[in-house]
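Heads up: the structure comes next, in structure tokens.
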Amino acid sequence: MNTVKSESLFNEAKKYIPGGVNSPVRAFKAVGGNPLFIQKGEGSKIYDVDGNEFIEYIGSWGPHLFGHNPPFIKEALLNAIENGTSFGAPTRLEVKTAKLISEMVPSVEMVRMVNSGTEATMSAVRAARGYTGREKFIKFEGCYHGHADYFLIKAGSGALTLGIPTSPGVTKGNAADTLMASYNNLESVKQIIKKNKNEIAAIIVEPIAGNMGVVQATEEFLNGLRAICTEERIVLIFDEVMTGFRVAKGGAQQLYNIRPDLTTFGKIIGGGLPVGAFGGRKEIMEMIAPSGPIYQAGTLSGNPLAMAAGYAALNHIKSNPDIYNQLEEKSAYLEKGIKSALHSINRDFALNRAGSMMTLFFVEEQVNNYDAAIKSNTVLYGKFFSEMLNRGIYLAPAQFEAAFVSTAHTKEDLDKTINAVEESLRIIVK
Ligand code: HOZ
């Protein structure tokens, strides 16, 4: 594969940007080789600056439910840009988008727009702390809620991939209020609560984890969290930055039929533009400034371009409920193909799938929490990634992420992917 232009851009980038990238996972450090610089995306494909074409499964880490650059989002953006890019003042589109989110996710009685998933989770925890008057919160090993200091403790995603799940720069004071529990293990939560009676403001959880690779919560675990939170007056926060509007119209909470107190969103609600949001019970949300004393603000929050793209994306989902059947069909087809490839090489690696999100772990046991996920052979993942890339398939350049299927993936794309999986596995697994 010719990568001359990407290499030259990467060398230039490294002079001015730490590690040459604006977000660590993209640097290919976990899989070897140099990152490819992307020129454009269309449907299920992306094209790099050297003209290489890839069927890709990142979809900007989740938001591109309909593939890259769908016409209805492009049109919405072009219309919006005619009127200007940002005002730092309210617009009609913010109201329409907030209303739509609230209609689609009934637990979200009120919502505040922000600019990223990190801002959403930070603000949700602040809201929970302000509401309860308590300071500590529980998070789960391997879950990733963005890069605010107090989340970077045994965190997933890039932090885990690069071997820095607990980052330097996080103070002891900051870390002290983050209490770590084990995913899918209610007992670990109960013990923490017993030791910290009436001190815990929130439990934050990815109801389907995507940042230690895909790991689904059991119904018993999430129902247990809901019951504990109600009993102990703890705010239950579902981090649906990845799963919101992806696994179902109403997110993972719809699939599990659980009503969290607060929910955080990102990515999809901006149709691929920088955006996030947090929302939930009115009683809590009304405590946010200016209706209440909990401060939260942002000049670009509710930005008209992000809202235009987001509204177009959400409205498309609402008017085309069949997209979830399409995603399920395509993802199930891919899962079946990968399983049969694994069978053909006599290996039983864990393949976790939740709707259109999936991860192949290079470990032959069930992966249902962080301890199991980190047993995956990441060296083998790196080799797998490179073999797939050489065959025109672009996966996440890190084991502890999800592959995202979009409605734009065709049967031909999926068949090509399955063939590439089989060929790659045969080469790397001796
Ligand atoms: N940590 C992000 C995925 N879970 C990666 C973001 C990016 O590199 O764009």
Side-chain angles (χ1 to χ4, degrees), residues 1-3 6 25-69 161 210 213-214 326-327 329-345 347 349-353 355-362 376-429:
M1 189 193 329
N2 175 8
T3 56
S6 274
V25 175
R26 316 177 180 173
F28 281 27
K29 251 185 143 170
V31 288
N34 291 327
L36 301 175
F37 282 66
I38 305 307
Q39 181 81 25
K40 70 166 191 165
E42 202 70 54
S44 60
K45 313 258 175 29
I46 53 170
Y47 303 83
D48 70 11
V49 286
D50 289 285
N52 299 305
E53 176 186 297
F54 302 94
I55 299 167
E56 77 105 50
Y57 291 92
I58 299 183
S60 190
W61 303 96
H64 295 325
L65 211 54
F66 328 99
H68 292 271
N69 215 4
T161 301
V214 175
Q326 292 173 34
L327 287 170
E329 223 170 86
K330 289 172 196 277
S331 308
Y333 184 80
L334 188 57
E335 179 187 31
K336 197 167 159 226
I338 298 174
K339 282 199 167 145
S340 102
L342 286 169
H343 188 70
S344 77
I345 58 153
R347 300 307 287 263
F349 293 141
L351 178 64
N352 283 3
R353 178 171 80 85
S356 55
M357 297 165 62
M358 68 179 91
T359 300
L360 174 62
F361 293 93
F362 288 84
S376 181
N377 184 336
T378 51
V379 174
L380 219 47
Y381 182 82
K383 290 183 182 165
F384 177 67
F385 169 85
S386 304
E387 292 297 334
M388 292 294 282
L389 196 68
N390 287 334
R391 287 167 177 75
I393 314 292
Y394 193 109
L395 301 172
Q399 168 72 86
F400 304 112
E401 301 288 350
F404 297 96
V405 176
S406 77
T407 55
H409 285 103
T410 60
K411 183 162 180 297
E412 198 190 337
D413 291 333
L414 300 175
D415 285 334
K416 204 172 161 203
T417 307
I418 292 165
N419 282 339
V421 169
E422 183 157 354
E423 285 177 17
S424 302
L425 286 174
R426 280 188 191 287
I427 290 171
I428 64 161
V429 180

In terms of heavy-atom contacts, Ile58 and Pro397 come closest through CD1-CD, 3.9 Å
Results of side chain to side chain contact (heavy atoms under 4.5 Å, CB included) for Ser331 - residues two or more places apart only: Arg353, Ser356, Met358, Val405
For the pair Asn390 (side chain) and Met1 (backbone), establish whether a donor and an acceptor sit closer than 3.5 Å, ignoring hydrogens and angles. no
Using only atom types and a distance under 3.5 Å, with no angle test, would you say the side chain of His409 pairs donor to acceptor with the backbone of Leu327? no
Under 3.5 Å, sequence neighbours excluded: what are the donor-acceptor pairs made by side chains of residues 30-37?
none

Measure the OG-NE2 distance between Ser44 and His64 for me, rounded to the nearest 0.5 Å. 12.5 Å
Between Lys330 and Asp413 (salt bridge meaning N to carboxylate O under 4.0 Å), is one present in this structure? no
Measuring from atom OG1 of Thr359 to atom CD of Gln399, what distance do you get when rounded to the nearest 0.5 angstrom? 7.0 Å
Compare all side-chain heavy atoms of Ile418 with those of Tyr333 and state whether any distance is below 4.5 angstrom. yes
Quick one: list whatever passes ring-ring contact (aromatic ring centres under 6.0 Å, His included) with Phe54, sequence neighbours left out. Tyr394
Can you name the residues that form a side chain to side chain donor-acceptor pair (under 3.5 Å) with Tyr57, not counting sequence neighbours? Thr417
Distance (rounded to the nearest 0.5 Å) between Phe400 CZ and Tyr381 OH: 10.5 Å
Which side-chain N or O atoms in residues 382-389 pair as donor and acceptor under 3.5 Å with protein atoms at least two apart or in another chain?
| residue | atom | partner | partner atom | Å |
| --- | --- | --- | --- | --- |
| Ser386 | OG | Gly382 | O | 3.1 |
| Glu387 | OE1 | Arg391 | NH1 | 2.8 |

Short side-chain to backbone donor-acceptor contact, Asn377 and Phe362, under 3.5 Å: no
Contacts of type side chain to side chain donor-acceptor pair (under 3.5 Å), residue Arg426, not counting sequence neighbours: Ser344, Glu422
So does Asp50 get a backbone contact from the side chain of Asp48, meaning a donor-acceptor N/O pair under 3.5 Å? yes
To the closest 0.5 Å, what do you measure between CG (Asn352) and CD (Glu335)? 9.0 Å
Assess whether salt bridge (Lys or Arg N to Asp or Glu O under 4.0 Å) is satisfied between Glu412 and Lys416, documenting all intermediate values. CA-CA 6 Å; Glu412 198 190 337; Lys416 204 172 161 203; over 6 Å; no
Please determine whether the number of non-hydrogen atoms from other residues, nucleotides or ligands lying under 6.0 Å from atom CD of Glu329 exceeds 12. no
Ile46/Lys40 under side-chain contact (heavy atoms from CB on, under 4.5 Å): CA gap, chis, key distance, verdict: CA-CA 6 Å; Ile46 53 170; Lys40 70 166 191 165; over 6 Å; no
Pair His343, Lys339 - check side-chain contact (heavy atoms from CB on, under 4.5 Å), show working. CA-CA 6 Å; His343 188 70; Lys339 282 199 167 145; over 6 Å; no
Would you give the length of the straight line joining atom CD of Glu53 to atom CD1 of Ile55, rounded to the nearest 0.5 angstrom? 7.5 Å
CD1 of Ile345 to CG of Leu425, rounded to nearest 0.5 Å, is 4.5 Å
Testing the basics here: between Phe361 and Gly213, what is the closest heavy-atom pair and its distance to 0.1 Å? CZ-CA, 3.7 Å
